[in-house]
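See structure below.
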Protein chains: 2
Amino acid sequence: MATHVVNNAQKLTPVDKTFCDLPPAVADALEQEALTTSYPTGAVLFAEGQAPRGVFIVRRGRVKLSICGSDGRTLILRIVDAGCPLGVAAVVSGRQYEATAETQEPSEITFLRQSDLLRLMRLHGELALWVTQHISQDYASTCREIRDLILSDSASEKLARLLVGWLDQNTKSKYPSQVKLALTHEEIGQMIGSSRETVSRLLAGFKKQHLIQQTGSTLVIPDRVALESLITA
Amino acid sequence: MATHVVNNAQKLTPVDKTFCDLPPAVADALEQEALTTSYPTGAVLFAEGQAPRGVFIVRRGRVKLSICGSDGRTLILRIVDAGCPLGVAAVVSGRQYEATAETQEPSEITFLRQSDLLRLMRLHGELALWVTQHISQDYASTCREIRDLILSDSASEKLARLLVGWLDQNTKSKYPSQVKLALTHEEIGQMIGSSRETVSRLLAGFKKQHLIQQTGSTLVIPDRVALESLITA
DNA sequence: ACCGATTGGTGATGGGGATCACACATCGGT
DNA sequence: ACCGATGTGTGATCCCCATCACCAATCGGT
């Protein structure tokens with residue numbers, strides 16, 4: 001694991017992002033009922049198939065959302081950053097959690113019980129709307145995931161798409177063509193539905209074609225367009 | 001197409017299912033604003049990528065929900081029966097429709113404009129909740145789809161799972177081990193992410209193993225357990 | 001009853017990637 | 001500085017299934 005860049009960037013407030021884009025009144029109401037806890041790396045917030053207990057809101061850190069098949073193989077749905085709620089759909093619908101949530105670094109996470117969330121949703125229309133928006137967003141991103149993973153389907157295309165996607169999250173950073181590689185090859189494989197070895201080989205190939213350069217855990221993508229040209233292929 | 005079983009079962013009311021599980025007051029309000037139309041087979045209600053105009057509620061008939069990849073291949077997300085709303089997530093989030101909706105048989109469909117839905121949601125808390133529930137449901141089913149399609153991944157396993165799924169929708173029918181085959185092999189392929197030929201071969205194989213019998217467009221699955229045993233494999 | 005169009009069956013072939021098997025690198029702790 | 005654990009590089013092999021190529025069967029309309 002090349003991770004553990006333990007955040008030293010934010011020490012202004014105890015918790016940097018307040019409750020996301022929620023109006024202060026609602027945020028306060030949430031804060032009243034909620035419980036914020038620190039978790040170490042590898043903590044499982046909830047597991048696929050469990051009955052919903054409540055929602056978890058990532059305040060600091062990163063959480064891996066994954067599902068696993070009958071044969072034991074794992075697919076990572078997405079990596080969730082601070083500001084995002086987890087398990088909302090399950091809590092609202094009362095069905096079991098659709099995926100497993102596991103911290104990828106030491107994280108601070110706010111928990112809100114199912115009953116409290118539902119009550120507050122009834123009280124605050126904005127909260128209900130916020131919840132609904134987030135679920136739709138998750139739905140949309142899952143649909144994209146399906147399309148990308150099933151209709152591709154060369155592994156190199158999927159990997160290229162993943163890398164380009166990472167670039168897109170970095171547009172505001174100082175070096176927008178750099179990406180911190182916070183995942184093992186195995187995990188990358190679990191994101192694109194292929195094996196560790198294939199990822200290794202593909203990355204090597206990309207380097208040989210000068211599509212990427214790697215120094216330590218930093219990836220540089222000099223020519224984004226070249227990488228994108230693999231995708232339509 | 002072996003379809004066109006044009007429903008002769010329900011002629012009691014002009015539209016059988018009223019607005020699903022909605023309380024009458026809300027249903028009436030919807031009916032006020034909504035517009036119900038008859039569509040022929042093959043009509044496209046909305047297409048992946050379009051800006052959301054409103055939601056479509058299937059009152060009678062069946063609608064195919066699909067996405068398509070850059071290479072033109074198609075994946076059918078699910079077949080939607082009467083009583084279900086379509087395009088809700090897109091309308092609520094304001095993002096583009098995530099999939100394409102196309103009628104599979106002559107259908108009656110109620111359309112409700114985006115602005116009207118949002119206004120009514122604000123007025124009727126139950127409606128907002130209903131919407132949210134449906135989106136969560138779609139989200140859950142999409143997650144299942146991902147798991148089944150990516151983590152399987154022998155094609156026979158996927159097909160077996162599909163067949164068993166069809167059985168589950170029939171539990172209340174007179175012959176719970178029979179399934180009306182309303183899809184072409186090509187479409188089945190698009191549901192499990194494989195080719196027409198593979199589906200043909202697999203079905204032939206299943207017949208040879210006496211896992212299924214087919215007469216006309218009726219499938220009989222004599223031993224559900226045997227079929228399920230393919231899934232864990 | 002005809003004929004074009006859509007659907008279904010089945011062989012042959014090839015390729016992409018999973019899997020197995022090792023060796024090397026790197027990390028983290030005591 | 002050592003050593004086990006974890007992650008990475010790369011060859012060899014093999015098998016599933018997409019694809020191509022045809023033909024048979026069935027449907028649907030006039």
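Computed from a predicted structure; not experimentally measured. Throughout, a chain's letter reflects where its sequence line sits, starting with A, and its residues are numbered from 1.
In this entry the distance linking CD1 of A/I150 with C1' of C/dG17 reads 17 Å, nearest Å. One interatomic measurement links the two molecules: CG of B/L181 to C1' of D/dT26, which rounds to 14 Å at whole-angstrom precision. Rounded to an integer number of Å, the gap from A/L219 CG to D/dT8 P is 12 Å. Whole-Å rounding puts the A/L183 CG to D/dG7 P distance at 11 Å. A/E157 has its CD atom 10 Å from the P atom of C/dG17, to the nearest Å. C/dG9 atom C1' lies 16 Å from atom CZ of B/F206, rounded to whole Å. One interatomic measurement links the two molecules: CD of B/Q214 to P of D/dA25, which rounds to 16 Å at whole-angstrom precision. Atom CD of B/E186 is separated from atom C1' of C/dA5 by 14 Å (rounded to the nearest Å).
No N or O donor and acceptor, one from the side chain of B/E197 and one from the base of D/dC17, sit under 3.5 Å apart. If you check distances only, the side chain of B/R201 does reach the base of C/dG11 with a donor-acceptor pair under 3.5 Å. In terms of polar N and O atoms assigned as donor or acceptor, the side chain of B/R73 never comes within less than 3.5 Å of the base of D/dT19 in a complementary pairing.
For the pair B/T198 and D/dC16, the criterion of a side-chain N or O lying under 4.0 Å from OP1 or OP2 is not met. Between D/dT8 and A/S200, no contact under 4.0 Å exists linking OP1 or OP2 to a side-chain N or O.
Between A/F56 and A/Y97, the two ring planes are tilted [angle within 30° to 60°].
When all heavy atoms of A/R78 and A/M191 are compared, the pair lying nearest together is CA-CE, 4.3 Å. In terms of heavy-atom proximity, A/V55 sits nearest to A/V88 at CG1-CA, 3.8 Å. Minimum interatomic distance between B/I135 and A/S136 (heavy atoms only, all atoms of both residues): CD1-OG, 3.9 Å.
Within the nucleic acid shown, A/S195 comes within 4.0 Å of at least one base atom, counting heavy atoms only. The residue B/G193 sits close only to the backbone: its heavy atoms come under 4.0 Å of sugar-phosphate atoms, none of a base.
Of the candidates C/dG9, D/dT10, C/dA18, the closest approach to any side-chain atom of B/R196 belongs to C/dG9. Checking D/dC17, C/dG8, C/dT10 against every side-chain atom of B/H185, the shortest atom distance belongs to C/dG8.
Between B/I79 and B/V63, the closest side-chain pair of non-hydrogen atoms is not below 4.5 Å.
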